[in-house]
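First the structure, in the form of structure tokens, and then the observations on it.
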Amino acid sequence: MPTRVLILGSTGSIGVQALEVIAEHPDRFTVAGLGAGGGNIDRLAQQAADFGVPASRLAVADAARAAELARRLDAPVIGGPDAMVDLIESVAADDGVDVVLNAVVGSIGLAPSLAALRVGARLALANKESLVAGGSLVLDAAAPGQIVPVDSEHSAIAQCLRAGTVAEVDRLVLTASGGPFRGWTREQLEDVTPEQAGKHPTWSMGPMITLNSATLVNKALEVIEAHLLFDVDYDHIDVTVHPQSIVHSMVTFVDGATVAKASPPSMKLPIALALGWPDRVPGSSRACDFSTASAWTFEPVDDEVFPAIELARAAGRAGGSLTAVYNAANEAAAEGFFAGAIRFPRIVEIVGEVLGEADQWRAEPGTVEEVFAADRWARERASALVAASS
Ligand SMILES: NC(=O)C1=CN([C@@H]2O[C@H](COP(=O)(O)OP(=O)(O)OC[C@H]3O[C@@H](n4cnc5c(N)ncnc54)[C@H](OP(=O)(O)O)[C@@H]3O)[C@@H](O)[C@H]2O)C=CC1
Ligand SMILES: CC(=O)[C@@H](O)[C@H](O)COP(=O)(O)O
Ligand SMILES: [Mn+2]
């Protein structure tokens with residue numbers, strides 16, 4: 001029987017590629033449900049038609065857009081802020097679901113991640129923000145192996161770990177492209193426009209992760225994600241800039257061996273691997289071509305110009321809800337940058353300033369409501385700093 005996959009964020013970059021994987025392997029995978037924000041209901045309706053998904057298995061977070069889609073399909077669609085969770089629960093209670101791919105953007109993905117774990121589905125996790133925000137709450141809700149990373153670096157590390165155990169790990173080495181402003185000075189970053197920040201050198205992705213790659217906040221979130229997923233402490237997680245984005249991350253083991261995972265930059269490989277885990281899906285991606293000359297380079301991160309990663313390490317080491325604060329402050333500051341209210345370097349400065357005021361969130365959250373409270377507080381503080389900067 002094909003693996004039943006429910007996709008949240010189906011209209012986005014990861015969601016669309018996941019549906020391509022499923023379309024290429026109808027013998028292996030089938031679509032159990034689709035969820036999205038409501039920004040592109042034309043695409044969602046088309047996906048539903050293409051994959052034969054009934055209206056009852058569609059969810060749209062924006063209630064008005066859900067109602068519009070329901071009118072168009074002449075059948076009820078799950079709508080509203082809890083729509084993703086409602087969809088997971090209703091599909092699980094009905095025919096069942098094997099894998100929930102969480103490819104929603106932002107910490108709004110936390111409740112759906114927890115719901116997927118609760119119903120016993122495998123969580124194919126692209127939405128790193130839910131793990132960064134929820135931290136131990138998400139880990140505690142997961143059975144061993146229930147979360148499978150989709151993020152290319154963490155998928156790479158999971159693959160490298162097939163060569164040794166976590167106990168044998170000396171260092172996790174995350175690769176970073178360096179983003180579009182690699183090698184720039186702090187002064188040069190002052191005049192960066194949203195358009196420039198929206199051009200990633202090696203990956204085609206949604207706007208938020210693309211901006212996060214430019215500030216190196218993406219790598220910062222990924223350091224926290226790696227710490228949580230693989231239970232390796234922050235002192236043993238490195239980042240190296242690898243502009244070619246072919247080596248997707250590495251693990252150095254205690255005997256000095258470094259195992260790397262390499263493939264041309266395409267998310268279809270980690271998506272397919274997470275959907276089919278632990279089995280590889282043949283033909284997911286082109287392989288590296290060693291018949292022509294190529295160079296893979298590695299260089300250190302410029303932490304002076306791009307302080308995001310060091311800030312994240314500090315937040316992660318301090319613990320509690322500070323990683324939720326980090327992520328939410330970044331989401332709010334990014335909104336300010338997209339709106340033209342602040343300059344590019346202010347994004348990470350604001351994250352640092354919000355963290356500097358966040359001592360009240362150092363305690364370990366006992367409930368998801370406490371995480372949401374920290375998230376809300378950080379958004380409000382960051383928005384106030386955005387307003388004060390403009
Ligand atoms: N793109 C990539 O290559 C990679 C992405 N990731 C991570 O995967 C996640 C998705 O990224 P990406 O696909 O690039 O993002 P996109 O912006 O391309 O897509 C985001 C998706 O989330 C949906 N969405 C927005 N708000 C809500 C909401 N409130 N409830 C439900 N769905 C919502 C959007 O729906 P709509 O637009 O229809 O409203 C859209 O389908 C992010 O966490 C990102 O960090 C990780 C590694 C690589
Ligand atoms: C494809 C993927 O996993 C992204 O997270 C990617 O890594 C972003 O590139 P950066 O290395 O520039 O952050
Ligand atoms: Mn990544």
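Positions are given from 1, in the same order as the sequence printed here. Every number for a ligand or one of its atoms is a count from 1 in the order of the listing. Every heavy atom of this structure was used, including side-chain atoms; hydrogens, water molecules and symmetry mates were not.
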Is the shortest side-chain N to carboxylate O distance from [X] to [Y] below 4.0 Å?
X	Y	result
Glu153	Lys261	no
Asp94	Arg57	yes
Glu195	Lys199	yes
Glu335	Arg379	no

Evaluate the side-chain proximity of [Y] to [X]: yes if any heavy-atom separation is below 4.5 Å, no if none is.
X	Y	answer
Asp151	Glu222	yes
Ser213	His200	yes
Leu110	Leu137	no
Ser284	Val281	yes

Angle, OE1 of Glu153 through the Mn ion (ligand 3) to OD1 of Asp151 - 10° precision: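 Rounding to the nearest 10 degrees gives 90°.
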Report yes or no: do Thr297 and Gln244 form a side-chain donor-acceptor pair below 3.5 Å? yes
Return the protein residues near ligand 1 (heavy atom under 4.0 Å from any of its atoms), ordered by chain and residue number.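 Shell around ligand 1 (4.0 Å, heavy atoms): Gly9, Ser10, Thr11, Gly12, Ser13, Ile14, Ala36, Gly37, Gly38, Gly39, Asn40, Ala61, Met84, Ala103, Val104, Val105, Ile108, Ala126, Asn127, Lys128, Glu129, Asp151, Met205, Gly206, Pro207, Ile209, Met267.
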If you consider just the N/O/S atoms, which atom of Glu222 is the closest one to the Mn ion (ligand 3)? OE2
Cation-pi check for Trp277 against Arg162: NZ or CZ below 6.0 Å from the six-membered ring centre and within 45 degrees of the axis, yes or no? yes
Exactly which residues line ligand 2, taking a heavy atom under 4.0 Å from it as the test? Lys128, Asp151, Ser152, Glu153, Ala176, Ser177, His200, Trp203, Met205, Ile209, Ser213, Asn218, Lys219, Glu222, Met267
